Amino acid sequence: MRELIRRLSFSDRVSGGVPRGCVPVLVVGDGDEECERFVVRVEALRHPSLAALLEMAAQEFGYKQEGILRVPCAVNQFRRALTTSAVSKNY
């Protein structure tokens, strides 16, 4: 997980409207729930609530995801984790 955060921290790319220091996250909801895209500051990923969700993502999709970071959880659960970290932006 530290490798993922380190790699995202050094990204100089600003693509798809994602500002430097942020990472796009696609929350792939469970069942009939639609996916939702978020832009999250890299330092927020260190917060325990988001780190736990990242660990779930790594278990399901692996540590070397390319492109947008996919997180397998309910959108409401992700929003609660963002609120707890208080360092995010939703697009």
Side-chain angles (χ1 to χ4, degrees):
M1 169 121 61
R2 288 182 184 187
E3 178 184 327
L4 173 65
I5 291 174
R6 187 178 314 116
R7 187 174 48 137
L8 295 172
S9 295
F10 292 117
S11 176
D12 286 342
R13 291 177 280 164
V14 177
S15 62
V18 178
R20 178 181 275 176
C22 296
V23 62
V25 176
L26 182 65
V27 177
V28 289
D30 48 353
D32 296 330
E33 190 175 29
E34 289 188 31
C35 298
E36 191 165 333
R37 182 179 184 267
F38 294 83
V39 175
V40 180
R41 297 202 42 86
V42 171
E43 54 267 8
L45 299 176
R46 291 186 177 97
H47 191 275
S49 60
L50 286 173
L53 295 177
L54 284 180
E55 189 59 39
M56 284 175 33
Q59 289 175 7
E60 184 157 331
F61 301 117
Y63 284 98
K64 296 188 180 196
Q65 290 189 48
E66 298 272 336
I68 192 165
L69 178 63
R70 293 172 294 154
V71 176
C73 73
V75 173
N76 287 337
Q77 179 184 3
F78 191 80
R79 280 198 181 113
R80 281 191 303 273
L82 285 178
T83 302
T84 304
S85 71
V87 192
S88 64
K89 199 175 197 178
N90 182 2
Y91 284 88

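It should be emphasised that the depicted structure is a prediction, and the values quoted were computed from it without experimental measurement.
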- Identify the two heavy atoms, one from Gln65 and one from Gly62, that lie closest to each other, and give their separation to 0.1 Å. CG-O, 3.7 Å

- Report the residue from Leu45, Ile68, Val18 that forms a side-chain contact (heavy atoms from CB on, under 4.5 Å) with Val23. Leu45

- For the atom pair CD (Glu36) and CG (Asn76), what is the distance rounded to the nearest 0.5 Å? 9.0 Å

- Message: If you compare all heavy atoms of Met56 against all heavy atoms of Pro72, which two are closest, and at what distance to 0.1 Å?
- Response: CE-O, 3.1 Å

- At their closest point, which heavy atom of Ala81 faces which heavy atom of Leu50, and how far apart are they? CB-CD2, 3.7 Å

- Item | Nearest-0.5 Å distance, OG of residue Ser85 to CD of residue Glu43 | 9.5 Å

- Query: With Gln77, which residues qualify under side chain to side chain contact (heavy atoms under 4.5 Å, CB included), at least two apart?
  - Reply: Leu53, Cys73, Ala74, Arg80

- Worked check of side chain to side chain contact (heavy atoms under 4.5 Å, CB included) between Val75 and Phe38: CA-CA 10 Å; Val75 173; Phe38 294 83; 4.1 Å; yes

- Please round to the nearest 0.5 Å and tell me the distance separating atom OH of Tyr63 and atom CG of Leu54. 9.5 Å

